[in-house]
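Letters A, B, ... are given to chains in the order of the sequence lines, protein chains preceding strands, and every chain is numbered from 1. Please read these numbers as outputs of a predicted model, since none were measured by experiment.
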Protein chains: 2
Amino acid sequence: MTNNITRQDFERSFCPVACALDELGDKWTLLIIRDLLLGKKRYQEFLASPERIATNILADRLKKLESAGFVRQQIYQQKPVRCQYILTQKGKDLRPVLQALVTWGKIYYPGSRVLDAVE
Amino acid sequence: MTNNITRQDFERSFCPVACALDELGDKWTLLIIRDLLLGKKRYQEFLASPERIATNILADRLKKLESAGFVRQQIYQQKPVRCQYILTQKGKDLRPVLQALVTWGKIYYPGSRVLDAVE
DNA sequence: AAAATTGGCTTGTATAATGCAAGTCAATAT
DNA sequence: ATATTGACTTGCATTATACAAGCCAATTTT
């Protein structure tokens, strides 16, 4: 690489909202980020969330989140190798976005409430 | 209707994030909301945005946004009937969500910038 | 007056994403 | 020895998305 400030190729446009939605714009990705922000780390914890994500979709999203730099894998035991998923700074910095969505959602979906944090 | 506080049926879960993503979780819906917040109102204005949404998807999303109460149609001329789309309070209140996404996106997609407001 | 353009869509078809159930595989617990 | 756990993968049906073209009424241009 000739320089370390890599140019984005702006999949659909140069708008930060469009760029964000290229990586986050579906029904599941932000729910996994929500779980991670609440302290969940493992496959079974994500599967246990009330929205009942399918295993193939979860595996796919975790892969995409990792290659997009939102999470990294951390091995927490050998034999058998088991890993957990940890938010990177890019992922953690989505907290204000999720928080704004929660504030809005609690108004427009009366009766809704956030899940309890893990631990 | 027997009362005016309608109960949500919580498509996937009672989480405000999940409820929000049931209505907003795709690659296009929030871009249309962005356009509306920037002052765009008409079909051709949405089509002119740099992401190049397809006409059938735009028509579908405007229909869904209307039935979900994010926008309402306003006829601005008869012969032929032409209408524009106006954000409801529910739609307008998404501004902080979009703003948080822009703040985040400008950091993680260097070189990205928001479109100019209309008018 | 005829032809082209504008605005707001709809239709058809191909490709991709999502959802559901079941299966795999290594290791640990019973 | 058998069952269970954890992290997936595979197969297949359904649904969503993308792209191109077409439609229709009215207005503008030639």
Kindly confirm or rule out a cation-pi arrangement of [X] over [Y], judged by NZ or CZ under 6.0 Å from the six-membered ring centre and within 45° of its axis?
X	Y	value
A/Lys41	A/Tyr85	no
B/Arg113	A/Phe14	yes
B/Arg82	B/Tyr43	no

B/S/- along nucleotides 10-17 of chain D (protein heavy atoms under 4.0 Å) is BB-----S
Euclidean distance, atom [atom1] of residue [X] to atom [atom2] of [N] [Å, nearest integer]:
X	N	atom1	atom2	value
B/Ile53	C/dG8	CD1	P	15 Å
A/Asp22	C/dA17	CG	P	12 Å
A/Tyr43	D/dG6	OH	P	13 Å
A/Ile32	D/dC8	CD1	P	12 Å
B/Glu11	C/dG19	CD	P	10 Å
A/Leu47	D/dT9	CG	P	13 Å
A/Leu58	D/dT9	CG	P	10 Å
B/Gln74	C/dG8	CD	P	13 Å

Whichever of A/Arg12 and A/Gln73 has the more 5' nearest nucleotide on DNA chain D, that residue is A/Gln73
Besides A/Ile75, the hydrophobic cluster formed by Ile, Leu, Val, Met, Phe, Trp and Tyr side chains linked at under 4.5 Å, directly or via other members, contains A/Val81
field: SB check A/Lys27 B/Glu11 (cutoff 4.0 Å)
entry: no
*Check ion pair B/Arg61-B/Glu66 (N to O, under 4.0 angstrom)*: no
For this session: For B/Ile32 and B/Ile53, run side chain to side chain contact (heavy atoms under 4.5 Å, CB included): C-alpha distance rounded to whole Å, both residues' side-chain angles, the deciding distance at 0.1 Å, then the answer.
Result: CA-CA 9 Å; B/Ile32 297 172; B/Ile53 191 171; 4.1 Å; yes
* Is any side-chain nitrogen or oxygen of B/Lys63 closer than 4.0 Å to OP1 or OP2 of C/dT10? -> yes
Checking A/Val102, A/Leu101, A/Val97 against A/Gln99 for side chain to side chain contact (heavy atoms under 4.5 Å, CB included), the one that qualifies is A/Val102
task: Could you tell me how the ring of A/Tyr109 sits relative to the ring of A/Trp104: parallel (under 30°), tilted (30 to 60°) or perpendicular (over 60°)?
output: perpendicular
Numerically ordered, the residues 75-85 of chain B set in heavy-atom contact under 4.0 Å with DNA chain C is B/Tyr76, B/Arg82, B/Cys83, B/Tyr85
